[in-house]
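So you know, we letter chains A, B, ... as the sequences are listed, proteins then strands, and number each from 1.
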Amino acid sequence: MTETRLRFPPSPTGYLHIGGARTALYNWLYAKKTGGKLVLRIEDTDTGRSSAESIKGIIDGLKWLGIDYDEGPYFQTDFEADHVAAAQKLLASGAAYKCFCTKEELDSKREAALAAKQPLGYDRTCRHLAAEEIAAKEAAGIPSVIRFKVPERNGLLGYDDKIFGRIEAAYTEIDDFVIVRSNGKPLYLLCNVVDDIRDRITHIIRGQDHMTNTLKQVLLYEALGEQLPVFGHMPLTLDTKKAKISKRSHGEIVAVQFYRDNGFIPWAFNNFLALLGWSAGNDQEFFSKEELIRDFSLERINKSSAIFNYKKDDPKFITDPKAIYFNEHYLRTMEIGELGDMVRKELEAENLWQECYASDRKKWYLDTLALIRDRFHTLKDFTSLGRAYFADDFMVEPKPLEKNVLKFAELQTWLPELAARYENLSEFTLEETERVVRELAEELSIKPGILINGMRTVVTGQLAGPSMFDIVLTLGKEIIVRRLRNVGKFFNRQ
RNA sequence: GUCCCCAUCGUCUAGUCAGGUCCAGGACAUCGGCCUUUCACGCCGACAACACCGGUUCAAAUCCGGUUGGGGACGCCA
């Protein structure tokens, strides 16, 4: 068997969104699984809407996800000569014809049909023009497009879809579609096929919205005398109102960039995307890259479309809760060194990174991440919720400040007293630091919790966190003593 | 309007091709509980679905037909 070759052909008319990312991922997985190649082809023939910025966004998005390609990016506009040659070949062989209907005529016919609730297709006005009529119109300088001449056959046109099974439709249902614009520029349906043939694509895995295109393209392969690739159409990703997800109507929440900028772990997001419409057939949800490549199959892609359950304006979930869950899982279980590299980038961006975290304080750095990661949702939390571990300029949240500190005015003396005792402690250990707190609480006849929660807030700015004495040891005597002594500042600013 | 596709908990899904082991399993979310100085994590538990109607069969989530619902396509966009 020849090598499998797949492609991801985005049109650069916006950022990479999750639907596109999922398509890219499935193609990538299948290419990897079969030891084949993945080609990136930018379909930029719509010059009006294509942009360099969008191309960059797509490439950056794929890079962030870790979806690498073996060839490309190729640009469709670089192969215009191929497309034109194919169109000429079809014209010459009688598989296509010139159509002189104007866009205005067609538009008004379409609108009329729509209003009258009649079928929409092209009425084939120019299909049977005699050679003299064509010559006359051309001599008169009337512009024309080239349309594909759908064969007049009885029976059904069809192909075997790897995901949906046999797909068929009557020949009479297929429109004579335009393959070349009146300005001579070939259109998607043709370009796409010509490029896939040239790139020797063996498997076309794309969205279900292409299903009707596929029927037409099957005809193009036939007319061009080429062998059909394997087709597989993936169900679309819908929004919570069951509408197709689009860049236009959903904004940043469906952009891959959004997940990068909000501290998602690339593989966690891939894992989530992979499970949106595919399952291994068992209860496994977490897959390493190797496992996913090994277990992935086209046949197990679900036929019904999946809903991307994002929560708009929900303070608790910035996106689909399951996507967050996957992120949390990886955040908590991934190899700590790998997490360290990711968090490093976050710290650097906030000017909190210190070189010693990579050298003599490396153990401290990684231990600290291991201590605090259990409560975090994204990479961003390390510099927001976890800021107190890396800097003194952390925010103290109002709720715990009120509840754990301001409520007890005596903390202004208790905490500095605790600081003094800590300072004189010869053994600054878990046991000793805890003992000292409990001892002080007993002397003051208060619950240890008052001291503990007060110090947690003063020292980390947070209502919740790891075990208090783990924090004490992690931050170290000097910082703890300093922050405890400073408790007065919270009262003074009232 | 025409054509194509789909249909299991709120969401992602297992089970459907090879009908019985499924009064339907897992995960997320939600709600309780345990743990705890806090909050999480973790663990335990609860809630919650075979769209509907017929048919075939000893037996249907599973096969067949229809209905309904949903999605997609119908561009000189890709």
Enquirer: To the nearest 0.5 Å, what is the distance between CG on A:L236 and NE2 on A:H210?
Expert: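 A:L236 CG to A:H210 NE2: 9.0 Å, rounded to 0.5 Å.
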Enquirer: Which base sits across from B:C43 as a Watson-Crick or G-U pair, both distances under 3.5 Å?
Expert: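 The base-pairing partner of B:C43, which may sit in any strand shown, is B:G33.
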Enquirer: Return the value, rounded to whole Å, for the distance between atom CZ of A:R124 and atom P of B:C74.
Expert: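 Computing the A:R124:CZ to B:C74:P distance gives 17 Å.
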Enquirer: Hey, does A:R110 reach any base, or is it just sugar-phosphate, or nothing, if we go heavy atoms under 4.0 Å?
Expert: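 Answer is sugar-phosphate: A:R110 comes under 4.0 Å of backbone atoms only.
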Enquirer: Got a donor-acceptor pair under 3.5 Å from the side chain of A:K322 to the base of B:A29?
Expert: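 No such pair is found, so the answer is no.
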Enquirer: Applying the 5.5 Å / 30° rule, does A:H210 stack onto the base of B:A73?
Expert: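 It does not: the ring fails the test against the base of B:A73.
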Enquirer: Looking at B:A48, which nucleotide sits across from it as a Watson-Crick or G-U wobble partner, both distances under 3.5 angstrom, or is there none?
Expert: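 When the pairing criteria are applied, nothing turns out to pair with B:A48, so the answer is none.
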Enquirer: Do the non-hydrogen side-chain atoms of A:V437 and A:Y422 ever get within less than 4.5 Å of each other?
Expert: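 They are in contact (side-chain heavy atoms under 4.5 Å apart), so the answer is yes.
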Enquirer: Is there a side-chain contact (heavy atoms from CB on, under 4.5 Å) between A:D175 and A:V150 once you walk through the steps?
Expert: CA-CA 7 Å; A:D175 248 11; A:V150 175; over 6 Å; no
Enquirer: Quote, to the nearest angstrom, the P distance that separates B:A61 from B:U8.
Expert: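 Taking atom P in both B:A61 and B:U8, they lie 15 Å apart.
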Enquirer: B:C63 and B:C44: how far apart are their C1' atoms, nearest whole angstrom?
Expert: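 Between the two C1' atoms, the distance is 41 Å.
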Enquirer: Could a donor-acceptor pair under 3.5 angstrom be found where the side chain of A:R332 meets the base of B:C41?
Expert: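 Donor-acceptor pair under 3.5 Å: no.
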Enquirer: Dump every N/O contact between nucleotides 33-36 of chain B and the protein below 3.5 Å, one line per pair.
Expert:
none

Enquirer: Hey, are A:R206 and A:T214 close enough side-chain-wise for a donor-acceptor pair under 3.5 Å?
Expert: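 A:T214 vs A:R206: donor-acceptor pair found between side chains.
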Enquirer: Looking across every strand, which nucleic acid part, if any, lies under 4.0 Å from A:F272 by heavy atom: base, sugar-phosphate, or nothing?
Expert: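 Answer is nothing: A:F272 stays at 4.0 Å or more from every strand.
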Enquirer: Rounding to a whole Å, what distance do you find between A:N271:CG and B:C28:P?
Expert: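 Distance check: A:N271 CG to B:C28 P gives 14 Å.
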Enquirer: From CZ of A:F75 over to P of B:A78, roughly how many Å is that when rounded to an integer?
Expert: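 One finds 16 Å between P of B:A78 and CZ of A:F75, rounded.
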Enquirer: Expressed in whole Å, how much space separates the P atoms belonging to B:A7 and B:C12?
Expert: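 So the two P atoms sit 13 Å from each other.
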Enquirer: May I ask you to check whether A:Y188 and A:S11 show a side-chain donor-acceptor distance below 3.5 Å?
Expert: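 Short answer, no.
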Enquirer: I'd like the C1' distance from B:C35 over to B:C52, given in whole Å.
Expert: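 Between the two C1' atoms, the distance is 47 Å.
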Enquirer: Atom CZ of A:R166 to atom P of B:C17: distance rounded to whole Å?
Expert: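 To the nearest whole Å, that distance equals 22 Å.
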Enquirer: Does any N or O donor sit under 3.5 Å from an N or O acceptor when you compare the side chain of A:R375 with the base of B:C39?
Expert: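 When only heavy-atom distances are counted, A:R375 does reach the base of B:C39 through a donor-acceptor pair under 3.5 Å.
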Enquirer: Say we look at B:G75 and B:A59: how far apart would their P atoms be, to the nearest angstrom?
Expert: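 Straight-line distance between the two P atoms is 50 Å.
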Enquirer: For A:D209, answer base if it contacts any base atom (sugar-phosphate contacts may also be present), sugar-phosphate if it contacts only those atoms, and nothing otherwise; contact means non-hydrogen atoms under 4.0 Å.
Expert: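 Answer is sugar-phosphate: A:D209 comes under 4.0 Å of backbone atoms only.
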Enquirer: Tell which nucleotide pairs with B:G20, taking only Watson-Crick or G-U wobble pairs whose two distances are both under 3.5 angstrom.
Expert: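 B:G20 is paired with B:C58.
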Enquirer: Using a 4.0 Å heavy-atom cut-off, does A:G207 contact any base of the nucleic acid, only the sugar-phosphate backbone, or nothing at all?
Expert: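 The answer is nothing, as A:G207 stays clear of every strand by at least 4.0 Å.
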Enquirer: With a non-hydrogen cut-off below 4.0 angstrom, is A:Q118 in contact with a base, only sugar-phosphate, or nothing?
Expert: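 Base contact - A:Q118 has a heavy atom under 4.0 Å of at least one base atom.
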Enquirer: Base, sugar-phosphate, or nothing for A:S182, non-hydrogen atoms under 4.0 angstrom?
Expert: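 Base, at least one base heavy atom under 4.0 Å.
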Enquirer: Working note: A:H377 + A:L331, criterion side-chain contact (heavy atoms from CB on, under 4.5 Å); need CA distance, chi angles, decisive distance, verdict.
Expert: CA-CA 7 Å; A:H377 308 291; A:L331 203 60; 5.6 Å; no
Enquirer: Could you tell me the separation between the OH atom of A:Y325 and the C1' atom of B:A40, rounded to a whole number of Å?
Expert: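 In whole Å, B:A40 C1' and A:Y325 OH are 15 Å from each other.
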Enquirer: Which residue in the set A:W278, A:F296, A:W267, A:F326 passes ring-ring contact (aromatic ring centres under 6.0 Å, His included) when paired with A:F287?
Expert: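 Only one of A:W278, A:F296, A:W267, A:F326 forms a ring-ring contact (aromatic ring centres under 6.0 Å, His included) with A:F287, namely A:W278.
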Enquirer: Taking N and O atoms by type only, does the side chain of A:N192 place a donor or acceptor under 3.5 Å from a partner on the base of B:A78?
Expert: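 No pair found.
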Enquirer: May I ask you to check whether A:S50 and A:D44 show a side-chain donor-acceptor distance below 3.5 Å?
Expert: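 Result is no, nothing qualifies.
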Enquirer: Within the 4.0 Å heavy-atom criterion, would you say A:N302 contacts the bases, only the backbone, or no part of the nucleic acid?
Expert: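 Since only primed, P, OP1 and OP2 atoms lie under 4.0 Å of A:N302, the category is sugar-phosphate.
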Enquirer: Reckon A:I174 touches a base, only the sugar-phosphate, or nothing at all at heavy-atom distances under 4.0 Å?
Expert: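 A:I174: no heavy atom of the nucleic acid under 4.0 Å.
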Enquirer: Starting at CG of A:L463 and ending at P of B:A40, how long is that distance when rounded to a whole Å?
Expert: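 My rounded result for the distance is 9 Å.
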Enquirer: Touch check for A:V178, heavy atoms < 4.0 angstrom, all strands: base, sugar-phosphate only, or nothing?
Expert: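 Sugar-phosphate contact only - A:V178 comes under 4.0 Å of backbone atoms but never of a base.
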Enquirer: Side chains of A:N271 and A:Y330: any donor to acceptor distance under 3.5 Å?
Expert: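 Yes, a side-chain donor-acceptor pair sits under 3.5 Å.
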Enquirer: Applying the side chain to side chain contact (heavy atoms under 4.5 Å, CB included) criterion to A:V194, which one of A:L190, A:I197, A:N192, A:D196 satisfies it?
Expert: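 Only one option passes, and that is A:L190.
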Enquirer: How is A:S467 classified with respect to the nucleic acid when contacts are heavy atoms under 4.0 Å: base, sugar-phosphate, or nothing?
Expert: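 It contacts base atoms.
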Enquirer: Is A:L276 touching bases, backbone alone, or none of the nucleic acid, heavy atoms closer than 4.0 Å?
Expert: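 Sugar-phosphate only.
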Enquirer: Please report the distance separating the P of B:C41 from the corresponding atom of B:A29, rounded so that it comes out in whole Å.
Expert: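 Those two atoms are separated by 8 Å.
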Enquirer: Between A:Y310 and A:F317, is the ring centroid distance below 6.0 Å?
Expert: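 Here the rings of A:F317 and A:Y310 have centres that are no less than 6.0 Å from each other.
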Enquirer: Under 4.0 Å between a side-chain N or O of A:K242 and OP1 or OP2 of B:G72?
Expert: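 So the side-chain polar atoms of A:K242 never come under 4.0 Å of the phosphate oxygens OP1 or OP2 of B:G72.
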Enquirer: Given B:A14, is OP1 or OP2 found less than 4.0 Å from the side-chain N or O atoms of A:R300?
Expert: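 Yes, within the criterion.
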Enquirer: Over all strands shown, is A:K185 touching base, sugar-phosphate only, or nothing at heavy-atom distances under 4.0 angstrom?
Expert: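 It contacts nothing in the nucleic acid.
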Enquirer: Give one of base, sugar-phosphate or nothing for A:P448, where a contact means two heavy atoms less than 4.0 Å apart.
Expert: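 Result for A:P448 = nothing.
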Enquirer: Considering only atom P, compute the distance from B:A51 to B:A24 and round it to an integer number of Å.
Expert: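 That atom pair is separated by 14 Å.
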Enquirer: With both distances kept under 3.5 Å, what pairs with B:A73, Watson-Crick or G-U wobble?
Expert: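 Checking every strand shown, B:A73 finds its partner in B:U2, with both distances under 3.5 Å.
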Enquirer: Using the C1' atom on both, measure B:A49 against B:U38 and round to a whole Å.
Expert: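 Result for the C1' pair: 38 Å, nearest Å.
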Enquirer: Between A:R181 and B:A78, does any side-chain N or O lie under 4.0 Å from OP1 or OP2?
Expert: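 For A:R181, the contact criterion (side-chain N or O under 4.0 Å from OP1 or OP2 of B:A78) is met.
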Enquirer: What nucleic acid atoms does A:G465 come within less than 4.0 Å of, heavy atoms only: base, sugar-phosphate, or nothing?
Expert: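 The residue A:G465 makes base contact.
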